[in-house]
Amino acid sequence: MGSPFPERAAEFLADLGNLCVAVPVLGVVLAYTVWHSRRAGVSNWWPAPLAAAVTMAAVPALVVPLKAAVDRPGPPGMAGHDGFYPSGHAATAAVAYGAAALLVLPLLRRAYGRRVLLIGCVVVNVAVGFGLVRRGYHWPLDVVASWLLCGMLLMAMAAVVGRYGWYGRERGRE
C-alpha cells in the first residue's frame, strides 16, 4: 500500500479486534471481577459483569443487520465482499476492551491508575482501527461508525450498572 508502517504490525493491530482475541480478554476480566466481588463478600456482585456480557452480545445483534442493510462495498482489494459498514472488528474491540475497562475502573483506587486504564483502552481501540484501515480491510468511516455505535452501547452499560451500583456499592458511596 506504500505506507512506511509495516504490514505485519498493522495486521497484528487489526487482529486485536478479532473475536478470538478481544472476547477472551473480556472473559478474563469478567471472571476476575466476579471473583473479586464474591471474595469481598459483595452480595450484589452480578449486575456489572452481566451488563458487560449482555453489551458484548449486543454487538453482533446490531452490527450484522446494519452491515446487511447498508451493504457497503469494501476498499479496493476486498472485491467480492459487501457489508463493510460498520466494522465488526472495531465494534468487537470497542465493546470488549471498553467493557473490560469499565469493569476494572471502580477497582482502582488512584486517579492515576484509572486515567492510565482509560488511555490504554483508547490507544488499543485506535490501534485496531488504524490496523484495519492500513491493511485495507475497512474504510475509516466503517471504523468511526463502529466506535460511535459502541460508545452508545457502553454508555447504556454504564447507566444500567450505575443504577444498581458497581459491585454492590451505592452510587456516590465508596
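Atom set for the values below is all heavy atoms of this structure, side chains included, hydrogens, waters and symmetry mates excluded.
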Using every non-hydrogen atom in the two residues, find where [X] and [Y] come nearest and quote the distance to one decimal.
| X | Y | value |
| --- | --- | --- |
| Glu7 | Arg135 | OE1-NH1, 2.5 Å |
| Val161 | Ala51 | CG2-CB, 3.4 Å |
| Arg134 | Ala10 | CG-CB, 3.3 Å |
| Ala145 | Pro86 | CB-CB, 4.1 Å |
| Val59 | Ala91 | CG1-CB, 3.8 Å |
| Ala90 | Val143 | CB-CG1, 4.1 Å |

Same cluster for [X] and [Y] if Ile/Leu/Val/Met/Phe/Trp/Tyr side chains link at under 4.5 Å?
| X | Y | value |
| --- | --- | --- |
| Val63 | Leu26 | yes |
| Val28 | Val23 | no |
| Leu132 | Phe12 | yes |
| Tyr137 | Leu141 | no |
| Leu148 | Val133 | yes |

(message) Using side-chain heavy atoms (C-beta onward) and a distance below 4.5 Å, is Leu62 in contact with Leu153?
(response) yes
Apply the test side chain to side chain contact (heavy atoms under 4.5 Å, CB included) to residues Leu149 and Leu66: give CA-CA distance (whole Å), side-chain angles for both, the deciding distance (0.1 Å), then the verdict. CA-CA 11 Å; Leu149 174 67; Leu66 275 172; 4.1 Å; yes
Pairs under 3.5 angstrom only: tabulate donor-acceptor contacts from the side chains of residues 118-131 to other protein residues two or more places apart or in another chain.
residue: Asn125; atom: OD1; partner: Ala94; partner atom: N; Å: 3.0
residue: Asn125; atom: ND2; partner: Cys121; partner atom: O; Å: 2.9

Anything under 3.5 Å between a donor and an acceptor, one on a side chain of residues 96-107, the other on a protein residue two or more places apart or in another chain? List them.
residue: Tyr97; atom: OH; partner: Leu16; partner atom: O; Å: 2.6

dist Met157:CE -> Met56:CE (nearest 0.5 Å) comes out at 11.5 Å
Output for pair (Asp142 CG, Lys67 NZ), nearest 0.5 Å, gives 7.5 Å
[Y] backbone acceptor or donor facing [X] side chain under 3.5 Å:
| X | Y | value |
| --- | --- | --- |
| Ser146 | Ser87 | yes |
| Arg114 | Leu108 | yes |
| Ser37 | Val34 | no |

